[in-house]
Trainee: 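To start, I am sharing the structure in question, which I have written as structure tokens.
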Amino acid sequence: MKAKKIPMRSCCVTREKLPKQELVRVVRTPEGSIVVDTTGKANGRGAYLKKDITVFEKAEKSKILNKHLETEIPSSIFEELKNLVK
């Protein structure tokens, strides 16, 4: 039997290629709102972040998500991400 392929995605902060389960997706929906996508299937433009508090803090400082999603990211999204990992 053939082994199942593991989907790989890259973290937009660290540029590491990791399995999709080790990353969290932040999405800008077609309506323009920003959500944390726990299912990985929400419609819209997405960016992946490694599930690590230091990565979330670096993303907030460098505003890299603002560039990837082409909009302003509210600080509540970063708080939600940090609570997701704890």
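What's counted below: heavy atoms across the whole structure, side chains too, no hydrogens, waters or symmetry copies.
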Trainee: Out of curiosity, Thr29 OG1 to Leu69 CG, how far, rounded to the nearest 0.5 Å?
Mentor: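 Atom-to-atom, Thr29:OG1 and Leu69:CG are 10.5 Å apart.
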Trainee: Step through the shown structure and confirm whether more than 12 heavy atoms of other residues, nucleotides or ligands are within 6.0 Å of NZ on Lys51.
Mentor: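 For Lys51, atom NZ is crowded (more than 12 foreign heavy atoms under 6.0 Å).
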Trainee: In the single-linkage hydrophobic clustering (I, L, V, M, F, W, Y; side-chain heavy atoms under 4.5 Å), do Phe56 and Leu18 co-cluster?
Mentor: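 No, Phe56 and Leu18 fall in different hydrophobic clusters.
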Trainee: Identify the two heavy atoms, one from Lys20 and one from Tyr48, that lie closest to each other, and give their separation to 0.1 Å.
Mentor: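 In terms of heavy atoms, the two residues are closest at CE-OH, 3.6 Å.
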Trainee: Flag yes if Val27 and Ile73 sit in one hydrophobic cluster, no otherwise; membership is Ile, Leu, Val, Met, Phe, Trp, Tyr, and two members link when side-chain heavy atoms are under 4.5 Å apart.
Mentor: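 Not linked; separate clusters.
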Trainee: Measure the shortest side-chain to side-chain distance between Leu84 and Thr38 over non-hydrogen atoms and say whether it is less than 4.5 angstrom.
Mentor: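 The answer is yes, as the side chains (C-beta and beyond) meet within the 4.5 Å cut-off.
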Trainee: With side chains defined as the heavy atoms from C-beta onward, is the minimum distance between Leu65 and Phe78 less than 4.5 Å?
Mentor: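 Yes, at least one pair of side-chain atoms sits under 4.5 Å.
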Trainee: Go through the structure and list residues passing side-chain hydrogen bond (donor to acceptor under 3.5 Å, both in side chains) with Thr39, not counting sequence neighbours.
Mentor: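 If we apply the side-chain hydrogen bond (donor to acceptor under 3.5 Å, both in side chains) test to Thr39, skipping adjacent residues, the hits are Asp37.
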Trainee: In the structure I gave you, are the side-chain heavy atoms of Glu16 and Glu22 within less than 4.5 Å of one another anywhere?
Mentor: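 No. Closest side-chain heavy atoms not under 4.5 Å.
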Trainee: Please check if the side chain of Lys86 supplies one atom and the backbone of Ile53 the other of a donor-acceptor pair under 3.5 Å.
Mentor: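 Absent.
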Trainee: Looking at Asn66 and Glu72, would you say the former's side chain and the latter's main chain have a donor-acceptor pair under 3.5 Å?
Mentor: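 Not a single qualifying donor-acceptor pair exists.
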Trainee: Residues in salt bridge (Lys or Arg N to Asp or Glu O under 4.0 Å) with Glu70, at least two apart?
Mentor: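 Residues passing salt bridge (Lys or Arg N to Asp or Glu O under 4.0 Å) with Glu70: Arg28.
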Trainee: Cluster question for you: counting only ILVMFWY and a side-chain heavy-atom cut-off of under 4.5 Å, with indirect links fine, are Val35 and Leu49 together?
Mentor: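 No; tracing contacts between hydrophobic side chains, which count when under 4.5 Å, never links both residues.
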Trainee: Just wondering, are more than 12 heavy atoms of other shown residues or ligands nearer than 6.0 Å to CG in Asn43?
Mentor: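 Incorrect, the count does not exceed 12.
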Trainee: With rounding to the nearest 0.5 Å, note down the distance linking NZ in Lys41 to CZ in Arg25.
Mentor: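 Between Lys41 NZ and Arg25 CZ, I get 11.5 Å after rounding to 0.5 Å.
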Trainee: Starting at CG of Asp52, measure out to CG of Leu23 and round the result to the nearest 0.5 Å.
Mentor: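 Result: 11.0 Å between the selected atoms.
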Trainee: Please round to the nearest 0.5 Å and tell me the distance separating atom NZ of Lys67 and atom NZ of Lys63.
Mentor: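 Going from NZ on Lys67 over to NZ on Lys63, the span is 9.5 Å.
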Trainee: Shortest non-hydrogen contact from Cys12 to His68?
Mentor: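 Heavy atoms of Cys12 and His68 come nearest at CB-NE2, 3.4 Å.
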